[in-house]
Amino acid sequence: MSYRIPSPPPSLEELAKRQQNVVTASQLRARGVPARIITEHCRRGGPWRRMLPRVYLLQAGEPTPEQRMWAALLYAAQNGREEGRREGAVITGTAALALYGFTVVPRLPAVTGVDVLVPRQRRLKDVGEVRIRRTERELVARSVHGLACAPVARAVADALVEWTAAESSGGSAPVREVLREAVALPGNHCTVRELVVELTDSGLTGEPGVRAALDELIAAERDLALEQVGRLVEEWLLPTPLSAPELRMRGGTYIAVPDLYWPERGVAVEVDPELRCVSEGEAAWVRGGQHRMEYLGIRVVYVCAARLAADPDAVGGELREAYRTGGTDVVELLVV
């Protein structure tokens, strides 16, 4: 049996280089630096300075914007364990968007507040420019310039929470711009689906401005996916389906409005239907229509935009097979 010998912790010099000269008191103590030395070095005119409680800058002079971010993250992540690990804290909101390179937010030097997301049970207070934000969900971190940041969709949601509050006080927020940039920046920062989830969880879809901007984004995403499906229909030599027809029973009872429909075969296509379901009311309405179509024998093909982009041939094959086999015992419907 072999045993893995743990590697020694990095030296103070290595750690300082990794964290841009920002370290915690526990990190200094772990490397043999006593409290009195820390105090002496942080006196006026000394070579170090205290940035936040138990967080120090190992240099004189003003910290850089990146060093301020490191200080905020290390302050929020201190848990008393060796190395003052950064587990359990991520930068979010406007500061995270600035780190990601969003052009609709101020550049990093102009960011005056740093929101840091931590587990709800953490006992921390806001201090200086650091604002503590708590969550009951498991934290997910993305490394941006070595700093732990919330995923783009979560950072956008947290920024919008603050912006909408400021907007109610007479300010203005670039809601449309930040949502568009979130899905359009190089590297495909996040998907529309991820934004829908985060904005819904944050209660932001009830804000008229956010909802309107999200509806525009969803409509554009669905239009693009429907164009791709249309091209597949042509490539696989399928007849042209009806686009968004209203289906009703002969007596006039409403059934559904599928994205595409082949009445001669009783086959409907729904492209990312959950992207229409931002509110619970709409979700129930869309799901109800899908269930009614299936109950009446219509074959419903559900197309995911992500799979459509990754494997269009597989989706095309599914559409052709669905058209070939058709629905089962489809009742006669009115197509409006």
Side-chain angles (χ1 to χ4, degrees), residues 90-108 110-117 126 129 131-137 140 142 144 149-227 244 257 259 271-287 305-306:
V90 294
I91 296 173
T92 190
T94 304
L97 298 185
L99 286 165
Y100 277 114
F102 274 62
T103 61
V104 297
V105 301
R107 291 182 177 274
L108 200 56
V111 174
T112 56
V114 185
D115 290 340
V116 185
L117 201 60
D126 294 357
E129 64 180 13
R131 297 184 292 260
I132 300 299
R133 301 288 180 259
R134 292 175 173 81
T135 179
E136 293 180 351
R137 289 189 287 164
V140 178
R142 299 283 184 268
V144 185
C149 290
V152 169
R154 178 60 194 261
V156 167
D158 288 337
L160 287 180
V161 167
E162 181 183 350
W163 296 353
T164 52
E167 196 171 36
S168 65
S169 302
S172 61
V175 177
R176 282 180 170 80
E177 293 79 1
V178 77
L179 293 186
R180 290 171 182 165
E181 192 165 2
V183 298
L185 278 178
N188 191 21
H189 277 129
C190 71
T191 65
V192 175
R193 191 190 309 271
E194 290 168 338
L195 280 177
V196 169
V197 170
E198 289 294 347
L199 295 179
T200 301
D201 287 347
S202 299
L204 287 163
T205 52
E207 295 287 340
V210 175
R211 179 56 189 272
L214 190 58
D215 282 345
E216 289 180 9
L217 204 62
I218 289 172
E221 179 86 352
R222 284 175 46 76
D223 286 347
L224 180 60
L226 283 168
E227 287 179 12
V257 179
D259 289 320
V271 177
D272 273 343
E274 66 276 13
L275 287 185
R276 287 184 284 174
C277 308
V278 176
S279 72
E280 286 300 318
E282 285 179 297
W285 181 77
V286 172
R287 286 194 298 266

From Arg133 atom CZ to Asp158 atom CG, the distance as rounded to the nearest 0.5 Å: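 Answer for the CZ-CG pair, Arg133 versus Asp158, is 8.0 Å.
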Distance (rounded to the nearest 0.5 Å) between Leu195 CG and Arg180 CZ: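 Atom-to-atom, Leu195:CG and Arg180:CZ are 13.0 Å apart.
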[X] versus [Y], closest heavy-atom pair with distance:
| X | Y | value |
| --- | --- | --- |
| Asp272 | Ala305 | OD2-CB, 2.9 Å |
| Ala150 | Thr92 | CB-OG1, 3.7 Å |
| Ala244 | Val257 | O-CG1, 3.7 Å |
| Leu204 | Ala157 | CD1-O, 3.5 Å |
| Leu99 | Val144 | O-CG1, 3.4 Å |
| Leu179 | Val210 | CD1-O, 4.5 Å |

With sequence neighbours excluded, tell me which residues meet side-chain contact (heavy atoms from CB on, under 4.5 Å) with [X].
| X | result |
| --- | --- |
| Thr135 | Leu117, Arg137, Leu139, Arg154 |
| Glu194 | Ala153, Cys190, Thr191 |
| Ala159 | Thr94, Leu97, Trp163 |
| Glu227 | Leu224, Arg231 |

Glu181 side chain vs Thr103 backbone, donor-acceptor pair below 3.5 Å: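 Yes, Glu181 side chain to Thr103 backbone: donor-acceptor pair under 3.5 Å.
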Main-chain N/O of Val271 paired to Asp259 side chain as donor or acceptor, under 3.5 Å: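 Confirmed, Asp259 side chain pairs with Val271 backbone.
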Apply side chain to side chain donor-acceptor pair (under 3.5 Å) to [X] and list each qualifying residue two or more places apart in sequence or on a separate chain.
| X | result |
| --- | --- |
| Arg107 | none |
| Glu207 | none |
| Arg176 | Glu216 |
| Asp115 | Arg131 |

Partner set under salt bridge (Lys or Arg N to Asp or Glu O under 4.0 Å) for Asp223, not counting sequence neighbours: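 Here no residue qualifies.
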